[in-house]
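Reading through the structure tokens given below for one structure.
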Amino acid sequence: MASAIDLDSLKDRLLAGDRAALARAITLAESKRADHRAAAASLIDAVLPHTGKAIRVGITGVPGVGKSTTIDALGSNLTAAGHRVAVLAVDPSSSRTGGSILGDKTRMARLSHDPRAFIRPSPSSGTLGGVAAKTRETMLLCEAAGFDVILVETVGVGQSETAVADLTDFFLVLMLPGAGDELQGIKKGILELADMIAVNKADEGEAEARANAAASEYRAALHILTPASATWTPPVVTISGFHNLRLDDLWARVEDHRQKLGATGEIERKRRGQDVKWMWALVHERLHQRLVGTPEIRKTTAEAEARVGRGETSPAAGAAAITELIGL
């Protein structure tokens, strides 16, 4: 019960970097119980002044591009350089249990044993784009616990790219080389979101040549899409996450982006805009909770679905019957 949670003690332990306290706080934030959600909201409000200092990087790419391998190598480089790294790995959920089915933590062998790293696999539970509903709260709790680099890995399908871009300061898109027409299989929207494209699996010899050729095509596409007045021109780099090649250069570009856009105030403006979007996301979530939160509303919802499904009433009439119950 929420009454049994000592929030003051949990806050103090969290701010001291206690990993057990961080895990407990995230579990509260992810809980569907009303008392737990209220406790988590109070805790986040209390630690909010201690958040916002981390570099927030979203990482996406198609399955098989090597996201987890690259994050494992990059994160290990960063912890060796003195950073504390939190990885929020958002898995697609099992349709039966709602649990994570990919197990990203098992694919980050070095980071999972690194005392300066924290990995939190999180099931998406059917939320839009595969991004867990509580990823933002988790990110803030990790920052409060002293993690200065937050890496948010998305499953890279559907609308998850937009959702992760709305959570982070820097959006990294991993691409594969030699996959036929390099531009045919990517959406224009991805290129418009990207702050950098990294062509992965650029090992030596023929693989490196294919990666360089792909990188040239991406550069040409980004040159067309990037406004001449932009503060930041997204670079295209070639890397090998498996062999830890050129990842230091990749991170130097991330830091350069933070320095340039931090100086102009663009990162701060972006974060404030993200806060507004998150507020409305919470409004929508709470309206949905009202819709499924009581037996009466659940009964009316099921009846409306059945009538619409049988063709006895229109979708608009069914929607009106449901929303009237919550005063809309």
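To the nearest 0.5 Å, atom CG of residue Asp195 and atom CG of residue Leu222 are 10.5 Å apart. To the nearest 0.5 Å, atom CG of residue Leu14 and atom CG of residue Leu7 are 11.0 Å apart. Considering CE of Met139 and CD1 of Ile26, their distance stands at 12.0 Å, rounded to 0.5 Å. A distance of 9.0 Å separates CG in Leu167 from CG in Leu88, rounded to the nearest 0.5 Å. In this structure, the separation between CD on Glu153 and CD1 on Ile119 is 9.5 Å, given to the nearest 0.5 Å. The line from CD of Glu143 to CZ of Arg84 is 12.5 Å long, rounded to the nearest 0.5 Å.
No side-chain donor-acceptor contact under 3.5 Å links Asn200 to the backbone of Leu174. Arg116 contributes a side-chain N or O that, together with a main-chain N or O of His83, makes up a donor-acceptor pair within less than 3.5 Å. Side chain of Arg271 to main chain of Gly52: a donor-acceptor pair is present (N/O by atom type, distance under 3.5 Å, no hydrogens or angles). Under a 3.5 Å cut-off, the side chain of Ser31 and the backbone N or O of Thr27 do not form any donor-acceptor pair. No donor-acceptor pair closer than 3.5 Å links the side chain of Lys67 to the backbone N or O of Ile59. Under the 3.5 Å distance criterion, the side-chain polar atoms of Asp166 are left unmatched by any main-chain donor or acceptor of Gln274. A donor-acceptor pair is defined here as one N or O able to donate and one able to accept, closer than 3.5 Å; such a pair exists between the side chain of Arg246 and the backbone of Thr238.
Residue Leu22 is grouped with residue Leu48 when hydrophobic side chains (ILVMFWY) are merged at heavy-atom distances under 4.5 angstrom, including chains of intermediate members. By the criterion of side-chain heavy atoms lying less than 4.5 angstrom apart, applied directly or through intervening Ile, Leu, Val, Met, Phe, Trp or Tyr residues, Leu176 is grouped together with Ile71 in one hydrophobic cluster. Residues Leu151 and Val65 fall within the same hydrophobic cluster, defined by Ile, Leu, Val, Met, Phe, Trp and Tyr side chains chained together at heavy-atom separations under 4.5 Å. Transitive grouping of hydrophobic side chains (ILVMFWY, heavy atoms separated by less than 4.5 Å) brings Val236 and Met175 into a common cluster. Criterion: ILVMFWY side-chain heavy atoms under 4.5 Å apart, direct or through other members. Under it, Leu172 and Val237 are part of a common hydrophobic cluster.
Between Phe118 and Phe147, the ring planes are tilted. Angles from 30° to 60° get that label.
Under the rule for a side-chain hydrogen bond (donor to acceptor under 3.5 Å, both in side chains), the partners of Glu312 that lie at least two apart in sequence or sit in another chain are Arg310. For Asp12, there are no side-chain hydrogen bond (donor to acceptor under 3.5 Å, both in side chains) partners at least two apart in sequence or on another chain. Take Glu206 and apply the side-chain hydrogen bond (donor to acceptor under 3.5 Å, both in side chains) test, not counting sequence neighbours, and it matches Arg210. Residues that satisfy the salt bridge (charged side-chain N to carboxylate O under 4.0 Å, His left out) test with Arg219, not counting sequence neighbours, are absent from this structure. Take Glu255 and apply the side-chain hydrogen bond (donor to acceptor under 3.5 Å, both in side chains) test, not counting sequence neighbours, and it matches Trp251. Every residue meeting the salt bridge (charged side-chain N to carboxylate O under 4.0 Å, His left out) condition with Arg13, not counting sequence neighbours, appears here in chain and number order: Asp18.
Taking 4.0 Å as the cut-off between side-chain N and carboxylate O, Asp114 and Arg110 do not count as a salt-bridged pair. Between Lys53 and Asp148 there is no salt bridge, since none of the side-chain N atoms of the basic residue sits less than 4.0 Å from a carboxylate O of the acidic one.
Checked options His36, Arg120, Lys134, Arg37; the residue passing with Glu30 is Arg120 (criterion: side-chain hydrogen bond (donor to acceptor under 3.5 Å, both in side chains)). Of the residues Val164, Thr168, Ile267, the one that meets the side-chain contact (heavy atoms from CB on, under 4.5 Å) test with Arg56 is Thr168.
Annotation for Lys270 and Asp169: closest pair NZ-O, 3.2 Å, computed over non-hydrogen atoms. Nearest heavy atoms, Gly241 versus Leu247: CA-CD1, 4.5 Å. When every heavy atom of Pro234 is checked against every heavy atom of Ala194, the shortest pair comes out as CG-O, 3.5 Å. Of all heavy-atom pairs spanning Lys260 and Thr231, the tightest one is O-CG2, 4.5 Å. Contact detail for Asp256 and Trp232: the closest heavy-atom pair is OD2-CZ3, 3.6 Å. The two residues Pro177 and Ala214 have their closest heavy-atom pair at CA-CB, 4.3 Å.
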Checking Leu10 against Leu28 for the side chain to side chain contact (heavy atoms under 4.5 Å, CB included) test, could you report, in this order, the C-alpha distance in whole Å, the side-chain angles of both residues, the deciding distance, and whether it holds? CA-CA 11 Å; Leu10 187 58; Leu28 277 179; 4.0 Å; yes
Might you work through the side chain to side chain contact (heavy atoms under 4.5 Å, CB included) test for Phe170 and Arg258, ending with a clear yes or no? CA-CA 8 Å; Phe170 189 95; Arg258 182 177 178 85; over 6 Å; no
Please report the C-alpha distance between Glu303 and Lys299 in whole Å, then the side-chain angles of each, then the deciding distance to 0.1 Å, and finally whether the salt bridge (charged side-chain N to carboxylate O under 4.0 Å, His left out) criterion is met. CA-CA 6 Å; Glu303 291 172 349; Lys299 181 175 181 291; 2.6 Å; yes
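The environment of His223 atom NE2 is sparse: at most 12 non-hydrogen atoms of other residues, nucleotides or ligands sit within 6.0 angstrom.
Looking only at side-chain heavy atoms (C-beta outward), Thr51 and Ile44 stay at 4.5 Å or farther from each other.
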